[in-house]
Amino acid sequence: MYMLTRQLSRRLLIIAILLATMLVSPLRAQSNAQPWWQHAIFYEIYPRSFADSNNDGLGDLRGITSKLDYLHTLGVDAIWISPCYPSPQFDFGYDVADYENIDPMYGTLADFDALAREAHKRNIRVIMDFVVNHSSHQHPWFLESKSSRNAPRRDWYIWRDGKGPGLPPNNWESSFGGSAWTFDPTTGQYYYHYFEAEQPDLNWRNPAVEKAMFDVTRFWRKHGVDGFRLDAVDLLFEDPDLKDNPVLPGKNEFGDPQMTDKFNDNLPQVHDELRRLRKVTDANGQVLIGETWTDNIDELKAYYGPHQDEIQLPMDFMFTTVKSLSAPDFRKQIELVESAGGWPVFVISNHDIVRSYTRYADGKNNDQIAKLMAGMYLTLRGTPILYYGEELGMENHDPVRKEDVKDPLGQHGWPEQKGRDGERTPMQWDASRNAGFTQGTPWLPVDPAYTTYNVAAESTNPDSILNFYRRLLAMRHLSPALLDGDYTPIGQNGPNVLAYLRRSGKETILVALNFSNSTQPFDLNSAAQGTIQAKTEVLLSTSAAKDAANGQQHTLLLSPYAVYIARINP
Ligand code: NOJ
């Protein structure tokens, strides 16, 4: 009898555990396949501009929570929220005054918990922006550090004597203009800041700084955070001897001498540190995304780590610097990224760069070009990161007068550098006042195009950019080839058409993209050197390409900027 009761209670226990696993962790359902982040669509939210729940003109966390169903329907699997920590907002949150709380303008920690809970219910992971290189000048660490040369946290930041009266320790420049050193009369020394003076650089050579920052990742794990986007990660270390940077001819947009950041950017120690950080985030079950601006593919390759033990998702920003809509230029960059040996990460827009809609618009085929860009980067091998509003065809809406500029970069660099306000305007939800973003006064003006380009209007238009994104993302989620297949370029020398196969063991998908403003014939068989013998099944194409495909079996006539995606059936 005793044995029987024991067996029964063991069985009940196992059933309870199984049920609990099924109920509490829908996110882990695929854990034995690829890591989740390889199949995920990421979406960057700039919280000031996404959705305002209390009508103070600034977006907030409750606003984001209220839009999770929209994101879920769009096909988003993870949101990266740009900084929402307490901050005096000199750089709109990239100046963090407390790494373990939420700024009241965005809500409370309880609001964050609710957001994470609701996101997870919809299988959407949550990524925090982790501003690792610098804090705010109002962070208690810095306030203590600056208080005295003997302060216990003095060495948490980088303090040095000047070269002489009024002369900073060296020639390093701030990327926001002027010297990277600010004199602090309290202790008669200079402190270093790669960005604004209100953003002092943390001293990562100090183990106490490392420990404090690693603890931050553990704090957010407890609040449901699934990973971090590492801000300005290339800048963690500086040459300890503070050697002057090499000066180049000419001036930059702030009127300062041009120079290379040889001694304060991309030092080898960055990689040692990333390997240590990765151990911590691995133990937390968190993924790392890198803000990895690189000059060449070797630098990008290095961020994956010698044993894939640094950043899982280093963003390739060289992709965003392809200047014109050129099939050969994009083909070349894709091949370079493919050659880096890691899992590629593609972005076309973010809060620091002019929106891709504006970068590539020709004034005539703008919407079709937006679809072309999506048709490309959402079908490549790798993880895409969308930027809010990109799925609507949001464009840059730049300030025209200096007095309207909010971004410090634009305030210092005007008129040559207009700043980043243009790509940070409010999300366009509907055609009502302020695009449905707020009932108050939005912190930045809404782009006038919102009356046409908004979620509500585009949802009812089958040909809208939004519905194109929705179809594309739905298709991608269901396609083994698009999720995991290899990338094989075809028609490699074509000047106008970018075409490739994505092949997994289970499926082959063909993507053909017309990067020109004229109709282009595309002979599938010769481009693929006879490998496409079988019938194609069109999965998604812009209408003109579809019509052409119905003509001859293997010769497509691709209309200007056409997107053609087909399954090759054996
Ligand atoms: C990169 C961020 O993306 C940008 O917005 C910010 O100004 C700098 N880092 C400084 O944190």
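Both ligands and their constituent atoms are indexed starting at 1 by order of listing. All residue numbers in this chain count up from 1 along the given sequence.
- Residue-level proximity to ligand 1 for Glu44 is absent, since no heavy atom of it falls below 4.0 angstrom.
- Not close to ligand 1: Glu196, with no non-hydrogen atom less than 4.0 angstrom away.
- Arg125 forms no cation-pi arrangement with Trp37, by the criterion of a distance under 6.0 Å to the ring centre and an angle within 45° of the ring axis.
- Ligand 1 lies within reach of Arg424, whose nearest heavy atom is under 4.0 Å from it.
- Residues passing the side chain to side chain donor-acceptor pair (under 3.5 Å) test with Tyr388, sequence neighbours excluded: none.
- Between Asp155 and Arg153, none of the side-chain N atoms (NZ, or NE/NH1/NH2) sits under 4.0 Å from a carboxylate O, so this pair counts as no salt bridge.
- From the protein, the heavy atom lying nearest to atom 7 (O) of ligand 1 is Asp91 OD2, 2.6 Å.
- Interface of Arg420 with ligand 1, defined as ligand atoms under 4.0 Å from a residue heavy atom, comprises 4 (C), 5 (O), 6 (C), 7 (O).
- Between Asp404 and Arg401 there is a salt bridge, since a side-chain N of the basic residue sits under 4.0 Å from a carboxylate O of the acidic one.
- In this structure, Lys222 forms no cation-pi arrangement with Trp220, as its terminal cationic atom is not both closer than 6.0 Å to the ring centre and no more than 45° off the ring axis.
- A heavy-atom distance below 4.5 Å is not found between the side chains of Val347 and Phe42.
- Here the protein heavy atom with the shortest distance to atom 2 (C) of ligand 1 is Asp231 OD1, 3.1 Å.
- Remark: ligand 1 atoms within the under-4.0 Å shell around heavy atoms of His351 are 2 (C), 3 (O), 4 (C), 5 (O).
- Within ligand 1, the atoms closer than 4.0 Å to a non-hydrogen atom of Phe176 are 7 (O), numbered from 1 in the order shown.
- Atom 5 (O) of ligand 1 has Asp352 OD1, 2.7 Å as its closest protein atom, hydrogens excluded (heavy atom only).
- By the 4.5 Å heavy-atom criterion applied to side chains, Arg275 and Pro306 are counted as neighbours.
- Of all the atoms in ligand 1, the ones that sit under 4.0 Å from a non-hydrogen atom of His134 are 10 (C), 11 (O).
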